[in-house]
Structure formats: structure tokens, C-alpha cells
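Below, read A as the first sequence line, B as the second, and so on, with proteins coming before strands; counting in each chain starts at 1.
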Protein chains: 2
Amino acid sequence: MPAAARPSYSATSLLDVAVQVFNERGYDGTSMGDLAAALGITKSSIYHHVAGKEALLGLALDRALSALFAVLDEPGAAEGRARDRLEHVVRRSVAVLDRELPFVTLLLRVRGNTPTEQAALARRREFDRRVADLVAEAIADGDLRDDLDPALVTRLLFGTVNSLVEWYRPGRGASADEVADALVEMTLGGLER
Amino acid sequence: MPAAARPSYSATSLLDVAVQVFNERGYDGTSMGDLAAALGITKSSIYHHVAGKEALLGLALDRALSALFAVLDEPGAAEGRARDRLEHVVRRSVAVLDRELPFVTLLLRVRGNTPTEQAALARRREFDRRVADLVAEAIADGDLRDDLDPALVTRLLFGTVNSLVEWYRPGRGASADEVADALVEMTLGGLER
DNA sequence: GTCTATAAATTGATAGAC
DNA sequence: GTCTATCAATTTATAGAC
């Protein structure tokens, strides 16, 4: 991996700029001309690095999904009471958001227009399913109130987590840990019996 | 799939179909050809009803914003303790989401690419500001825990509300009232001291 | 209120020189 | 690794007939 200097890009350093522009203007609202302008190179130069616009999107979505699924495989997500494993997944998901914000932001805005986007949506649903299992288990354990529907709780909980991409900016305002603390206090605090 | 044999629209009935397609494919991902196909008429016929694609967006965003601001002017949002007024705004915002789901969904996805979108974002920020005032007041009253930042709480709270557009569908699964109940239990429940 | 036909601009992508 | 030049397809929008 050559540390990018001035007017020379690799497939990955190019991706960072591209994803930023995708998030600013929306993926569909971004033309290859927009990307070229942001990169400071011409449209055709982009095709030297990647197959096209959709391949760029695929790389970005893959990076976000890999980071999120890695959380589910951490020890803290596999050991202990379900309620604590759930808190671990929530806190570590916020950490992923902090670390990979542009990529996760892009993932959460995908609509399913292309096969690339549909595949990403399918993986997102798998992630949600595994979290929902955790919520159901925590309720069965008696650690979360049982008068609320597990599927509904899961959606509200991760709806709150995902909504962070709308305003959270690393290094500005509250830190990722402070946000995670407040989020856990508000959500899990209200879900405990 | 829609509009088998009903080739006559008004500006508002056309808007319903257009907004649905905008939400399915994204605004930028929707061409006038896509709209024409969904409407069962030709592209040029659309221009008989509206000035263009962006005017269609403007009408839709206006409808969502009007409904949301109307909530702030209801008696329940102006009388009583701040904490109760806040709960009123949350519950009634969920009701607006239920009633005007496609329009609010579109509003929440706007990125600010055009003047029309920028104006909508400015009005959204004004709505958020008025909710933040309510949260700050409820904390000052001692009705919500004071160890959390009011601005942060506001963002988490309405982040949760806004995330409903990602999965809530009227008449499918939980009702709007059930969703509002669960949401208030989880969020305000966790925010009470 | 809808149509056909078409203009005018923009789009994603390729070829080949340096 | 970047460039100029160009293409074919698509896009928003208009003109004018029925």
C-alpha cells in the first residue's frame, strides 16, 4: 500500500474520496464527473482503478458490513448474559460507526436499486436477525421488560443506533463513548424491568 | 404494476404516485421516465400537471413539513409540564408519520443538493430546535435525568422517532399507537430520573 | 389530458496516446 | 497513472397534434 502523495491514487485511497462525495450528494446524485472533480483527476482515470461506479459502491458497502459483522464475532458478543451481550453489540456498533462513519452512512442509505445494493440489504437483514435473537433471549432471561415485542424493541434500539449517522461527527461535540453511554442509558435503561 | 386503466390525474393525485416511486428508487435515482411508467402516462404528460421533477419534490416536502409543524401548534404541545408536552410531540409525530409516511420518508432522506432541498432542511432544523427547547425545559423542571446533555438527548430521541420510516408500515404489524407506546416507554422511560 | 416526436444536455464508459 | 477525445444511452424538458 503506497502512502498516497499528491495526484496519484490507489483503489482504496480513491474509495475514501468517492464515499465522501456519495454521502454528500447521494449515490445516484453523484456522477462520475462529480467524482473526478473531487479527486482532481479526469473521469477516465477513475476507470484505471475500478471497474465503474457500482464497483466503487460495492467496495464501500463491503467494508461497512465486514466491520459490523466483526462485532458479532467478538468474545463479548458470545459470552455472558444475553442482556450484556446485547449492550456489547450496541456499544461496539457505535464504535464501528465512529471508525467507519462514511461507509456505514452509505450502507444505511442504500435502497436496493441494483444487485450490488440488494446483496448489501440482504446482509443487513442477517445482522438485524442476529440482534433480534439477542433481544428475545434477554427478555426470556427476565433482564428486559416482557411487555414489549422483541422484534419491535430490536427495531427501535437499532433505529436509534443507526440514526447516529445523521448527526454524529468524530471529533466534534460528544465523543463516541459519551454517545454510546447516553444511548445505552436511554434505551436499555427504559427497557429494563 | 399500478394504474391498469386510469389515465387521468390531478396535480395532487399524481404526487401520491410520484412520492411512492421517489421512496422506492430514491429521488435522484428516479427519472421522469420511471415516473411516467408508474403513472401509466407519458413523460410529457407529467409536465401538464407540474413544472418538473424538482417542483414535485417541493410539493412533497412541503406537505411533510406542514404536518410536523402543525404538531408543535397543538394545545397539547403548549400547555402543561415540559415533559408532558414533549411526550405529546413525540406521540403526535409518530401519528404524522403514520398518516403521511411517504412524504415524511422523503423529507428525512433529503440531502440538500438543490435550493428546494436546502429550504426543507432549514425548516427541519427549526423543528429540531423547538423540540430541543422542550427537552432542556423538562430537564430544568427535574422531570428528566440531568446527567445527559439536552442536545444529545434530543438527537437520540428524534433519531429513534425518525428511524420508524425505515420499517413502519401502516396496517402491517404493530399499530402506530403500539409503536408510539413502545417508543415512549423505551426512550422517556430511560430518561426519567 | 394525453399523445408523438424531438431537442439539448448529461451520463457511464471506452480507446488509445504519453 | 493520467490525459484527450469520443460514444451510445439516458435524462429533463419543449412543441404541437388530437
Side-chain angles (χ1 to χ4, degrees), chain A residues 1-61 106 110-118, chain B residues 2-61 106 110-111 113-118:
Chain A
M1 293 294 176
R6 273 135 305 188
S8 203
Y9 289 100
S10 70
T12 48
S13 68
L14 191 142
L15 186 62
D16 287 333
V17 179
V19 169
Q20 192 188 329
V21 181
F22 284 160
N23 283 326
E24 282 168 7
R25 311 181 50 86
Y27 173 72
D28 286 307
T30 303
S31 70
M32 293 299 276
D34 292 329
L35 289 184
L39 288 161
I41 58 179
T42 60
K43 279 194 296 178
S44 62
S45 293
I46 299 176
Y47 291 92
H48 176 77
H49 301 284
V50 290
K53 186 179 163 184
E54 193 173 350
L56 223 34
L57 177 64
L59 287 169
L61 299 181
L106 193 59
V110 148
R111 310 290 344 140
N113 283 354
T114 65
T116 300
E117 300 185 28
Q118 284 155 21
Chain B
R6 282 216 7 232
S8 204
Y9 289 101
S10 68
T12 49
S13 67
L14 191 142
L15 186 62
D16 288 332
V17 178
V19 169
Q20 191 188 331
V21 181
F22 285 159
N23 283 326
E24 281 168 9
R25 311 181 51 86
Y27 172 72
D28 286 306
T30 303
S31 70
M32 294 298 276
D34 293 329
L35 289 183
L39 288 161
I41 59 179
T42 60
K43 281 192 294 178
S44 62
S45 293
I46 298 176
Y47 291 92
H48 175 77
H49 300 285
V50 288
K53 189 179 160 183
E54 192 172 350
L56 223 33
L57 178 64
L59 287 169
L61 298 181
L106 194 60
V110 148
R111 312 291 340 139
N113 284 354
T114 64
T116 299
E117 301 186 27
Q118 284 155 21

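Taking for each of B/K43 and A/S44 the nucleotide of DNA chain C with the nearest heavy atom, the 5'-most of the two is the partner of B/K43.
Within the 4.0 angstrom heavy-atom criterion, only backbone atoms of the sugar-phosphate kind lie near B/S31; the bases stay farther away. Among the atoms of the strands shown, none is found under 4.0 Å from any heavy atom of B/S10.
Atom-to-atom, CG of B/L35 to P of D/dT10 comes out at 17 Å; the value is rounded to the nearest Å. Distance B/I46 CD1 to C/dC3 C1': 13 Å, rounded to the nearest Å. Taking atom CG of A/D28 as the reference point, atom C1' of D/dT12 lies 16 Å away to the nearest angstrom. Atom C1' of nucleotide D/dG16 and atom OH of B/Y47 are separated by 17 Å, given to the nearest angstrom. Separating the NE2 atom of B/H48 from the P atom of D/dA17 is a distance of 17 Å, rounded to the nearest angstrom. We find that CG of A/D34 is positioned 15 Å from C1' of C/dA9, with the value rounded to whole Å. Regarding A/K53, its NZ atom lies at a distance of 12 Å from the C1' atom of C/dT10, rounded to whole Å.
Regarding contacts with the backbone of D/dC3, a side-chain N or O of A/S45 is found under 4.0 angstrom from either OP1 or OP2. Phosphate proximity of C/dC3 to B/T42: present, with a side-chain N or O under 4.0 Å from OP1 or OP2.
Looking at B/D34 and B/S31, their side chains do bring a donor and an acceptor atom within 3.5 Å of each other.
Looking at B/Y9, its side chain never comes within 3.5 Å of a backbone N or O of B/I41 through a donor-acceptor pair.
Note that CD of B/E54 is 9.5 Å distant from CG of B/N113, once rounded to the nearest 0.5 Å.
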Output, in order, the C-alpha distance, side-chain angles, deciding distance and verdict of side chain to side chain contact (heavy atoms under 4.5 Å, CB included) for A/F22 and A/L35.
-> CA-CA 9 Å; A/F22 284 160; A/L35 289 184; 4.1 Å; yes
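For A/I41, whose side chain is taken as the heavy atoms from C-beta onward, the closest listed nucleotide among C/dG1, D/dC3, C/dG12 is D/dC3.
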